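Below is one structure, written out as structure tokens, with a few remarks after it.
Remember, predicted model here, so these are calculated numbers, not experimental data. In this chain, residues are counted from 1 in sequence order.
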Amino acid sequence: NMVAPSLINRFIAPTTRCLLGSQTSVGPVYSFLTGVQSSHPQDFGAFRYRSNRSRRGLYDGRDIRSGNTISFSNKHNKRKFKPNVFTKRVYSEILDEMVRFHLTAGTLRSIDKAGGLDNYLLTSDYVTSGEG
């Protein structure tokens, strides 16, 4: 069952293709599911899943995580940690109007640190084109 090389090139990250021998240089890892770039060496060849909810807004890399609630008797019960998301209007200097987004609290701090919404959208690693 041999897969056509064009399908491999379309759905496998560039660094993974490097391991298969069809590309000579090692570049950043791109997820074929979401287009998210990861430049960390420990993420070599790994794909990071993004929920549909986080694709609809500015979540600054945060997403739903799973963990345990631990009771006094040390019982572990599965739970989800959800990001602090709310709908907020943010001013864009380029558009000269307020734009409504689903934002996390961390995104608001990052927007302030970047010097405004427009600078955040241009410089953030978590904003890519075609994300919903």
Residue pair L108, Y120: steps toward the side chain to side chain contact (heavy atoms under 4.5 Å, CB included) verdict: CA-CA 10 Å; L108 280 178; Y120 171 77; over 6 Å; no
Intermediate values then yes/no, side chain to side chain contact (heavy atoms under 4.5 Å, CB included), F101 and L117: CA-CA 11 Å; F101 283 109; L117 176 66; 3.6 Å; yes
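- Here the side chains of I70 and K75 are not in contact, with every heavy-atom distance at 4.5 Å or above.
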Derivation of the side chain to side chain contact (heavy atoms under 4.5 Å, CB included) call for V85 and L103: CA-CA 5 Å; V85 179; L103 298 169; over 6 Å; no
Side chain to side chain contact (heavy atoms under 4.5 Å, CB included) evaluation trace for H102 with L58: CA-CA 6 Å; H102 288 274; L58 298 175; over 6 Å; no
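- Side chain to side chain, T107 and S110 fail the donor-acceptor criterion of an N or O pair below 3.5 Å.
- Residues L95 and L121 share a single hydrophobic cluster, defined by chaining ILVMFWY side chains whose heavy atoms lie under 4.5 Å apart.
- Taking the ring centre of F81 as origin, the terminal cationic atom of R79 falls inside the region bounded by 6.0 Å and 45° from the ring axis.
- In the hydrophobic clustering of this structure, V99 groups with I111; members are Ile, Leu, Val, Met, Phe, Trp, Tyr whose side-chain heavy atoms approach within less than 4.5 Å, directly or through other members.
- For the side chain to side chain donor-acceptor pair (under 3.5 Å) condition, the pairs that include at least one residue of residues 61-74, sequence neighbours left out, are S51-D63, S54-D63, D60-R62, S71-S73.
- Residue pairs meeting the salt bridge (charged side-chain N to carboxylate O under 4.0 Å, His left out) criterion with at least one partner in residues 112-123, sequence neighbours excluded, are absent.
- Two residues are said to be in side-chain contact when any heavy atoms from C-beta on lie closer than 4.5 Å; Y91 and D96 meet this criterion.
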